[in-house]
Amino acid sequence: MKSNFLNRKNYILEKLEAEGQIDTAKLAEELNVTKETLRKDLTSLEEKRLLIRTHGGALRADSSSPAIAQTAYRQMLHREEKEKLCRAAASLIKDGDTIYIDGSTTCFSILKFIDPSIRITVITNSIQLIVESEEYISDKILVFLVGGIYVKAFHSCFGDMAIKMSSSFHPNKAFFSFMSLDDEGNLYDADMYGVDLKKHFTANTESVYFLLDHSKIGKRGGISLIAVDAADVIITDDRITEQQRMILECFRKKLLIV
């Protein structure tokens, strides 16, 4: 069924996200691989702190591991869809733009896909975004890192100092993601970090884009942060169901499906 490690890895992580745990014997049968192959896969993913091995199976990384592991786990989950959303977001960025990119794992690949010939200014509070995008940041991209209290778990800066520094910026485009969006238009995240920055930049940016893959739509969980009214455009992937499409269309926002 899943012939290579990359495909198996995505399948394993998606199953863990949905069910919280997996059984080695059952999963090996689903994937049509030997138990030994699957054990090697699980060991490799555990070394990257994307799951926790147990006797006869594995648990989701966030079952007992720290927030750093949760970040790594979310970054790998639905990676193909996230890359598609980032490519679409990058295509909207034009020469001379000033953009804000928040520290959500969904947005990490936006700079990877930006046209290298254009000059832009990038604002972010995410050190990890800058580090992971270093090879794509040319001398045509001016980067402002919003300072503040450094939170290791998220490799980002938050707090009053970050808000004060942010008040100097009024980008024309901003890109965000969240843990989930319910059918009433409430957006959720796993924690309160960054909520003030999200509110500041959604209120002080000309065009606001929310990147939400299909797994996040129509769900409620975590901490309610802001409403979908703050967005001008919602970017999602083509794996959304008809019901999810109807939910998004009810919000009367421009919808970009990629």
For residues 245-258, please give each side-chain donor-acceptor pair under 3.5 Å, one per line with the distance, not counting sequence neighbours.
unit_1 : atom_1 : unit_2 : atom_2 : d
K253   : NZ     : D229   : O      : 3.0
K253   : NZ     : A231   : O      : 2.9

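In the hydrophobic clustering of this structure, I130 does not group with I149; members are Ile, Leu, Val, Met, Phe, Trp, Tyr whose side-chain heavy atoms approach within less than 4.5 Å, directly or through other members. Note: the hydrophobic cluster containing M161 does not contain V195 (ILVMFWY, side chain heavy atoms under 4.5 Å, direct or indirect links). I137 and F113 sit in two unconnected hydrophobic clusters of ILVMFWY residues. Membership requires side-chain heavy atoms under 4.5 Å apart, directly or through other members.
Checking side-chain atoms of K198 against main-chain N and O of S177 turns up a donor-acceptor pair under 3.5 Å. Between the side chain of Q244 and the backbone N or O of H214, at least one donor-acceptor pair lies under 3.5 Å. Distance alone, capped at 3.5 Å, is enough to place a donor-acceptor pair between the K94 side chain and the S91 backbone. Judged by distance alone, the side chain of T124 and the main-chain N or O of I101 form a donor-acceptor pair under 3.5 Å. A distance-only check finds no donor-acceptor pair linking the side chain of S44 to the backbone of K40 [under 3.5 Å]. With hydrogens and angles disregarded, no donor-acceptor distance shorter than 3.5 Å links the side chain of T205 to the backbone of T202. The backbone N or O of N172 lies less than 3.5 Å from no partner atom in the side chain of T98, so there is not a single donor-acceptor pair. The backbone N or O of H200 sits less than 3.5 Å from a side-chain atom of N204, completing a donor-acceptor pair. In this structure a side-chain-to-backbone donor-acceptor pair under 3.5 Å is missing from K26 to I22. D23 places no side-chain N or O within donor-acceptor distance of the main-chain N or O of G57, the cut-off being under 3.5 Å.
Partner F144 forms a side-chain contact (heavy atoms from CB on, under 4.5 Å) with one of T121, V122, N125 and no other, that one being T121.
If you take CG on L129 and CG on L145, they are separated by 9.5 Å, rounding to the nearest 0.5 Å. The CD1 atom of I99 sits 10.5 Å away from the CG atom of L92 when rounded to the nearest 0.5 Å. Rounding to the nearest 0.5 Å places CG of L38 at 5.0 Å from CG of L27. Taken from CD in E132 to NE2 in H155, the straight-line distance is 8.5 Å, to the nearest 0.5 Å. A distance of 11.0 Å separates NE2 of H170 from CD of E206, quoted to the nearest 0.5 Å. The CD1 atom of I110 sits 6.0 Å away from the CD1 atom of I93 when rounded to the nearest 0.5 Å.
With contacts defined as side-chain heavy-atom distances shorter than 4.5 Å, the pair C86/F175 does not qualify. With contacts defined as side-chain heavy-atom distances shorter than 4.5 Å, the pair F178/K216 does not qualify. You'll find the side chain of D102 reaches within 4.5 Å of the side chain of C107, heavy atoms only. A 4.5 Å side-chain heavy-atom check between T37 and R8 finds at least one atom pair inside the cut-off. Between L187 and F210, some side-chain heavy-atom pair lies under the 4.5 Å cut-off. Counting heavy atoms from C-beta on, the side chains of V208 and D232 come closer than 4.5 Å. Residues I141 and Y136 fail the side-chain proximity criterion, which asks for heavy atoms closer than 4.5 Å. Contact check for L197 versus S166: side-chain heavy atoms found under the 4.5 Å cut-off.
A174 and F201 make their closest contact through CB-O, 4.5 Å (heavy atoms, listed as atom of the first residue, atom of the second, distance). The two atoms that bring V146 and M165 nearest to each other are CA-SD, 3.8 Å, heavy atoms only. Here the shortest heavy-atom pairing between K9 and L45 reads CG-CD2, 3.3 Å. The nearest pair of heavy atoms linking S117 to K140 is O-NZ, 3.5 Å. The two atoms that bring S215 and K219 nearest to each other are O-NZ, 2.8 Å, heavy atoms only. Between G148 and C157, the closest heavy-atom pair is N-CB, 3.8 Å.
Between F176 and Y100, the two ring planes are tilted [angle within 30° to 60°].
E184 pairs by the salt bridge (charged side-chain N to carboxylate O under 4.0 Å, His left out) definition with R220, not counting sequence neighbours.
Using a 4.0 Å cut-off between charged side-chain N and carboxylate O, D213 and K84 make no salt bridge.
Counting non-hydrogen atoms of neighbouring residues, nucleotides and ligands closer than 6.0 angstrom, the NZ atom of K35 reaches no more than 12 such neighbours. Around atom CG of D238, more than 12 heavy atoms belonging to other residues, nucleotides or ligands sit under 6.0 Å away.
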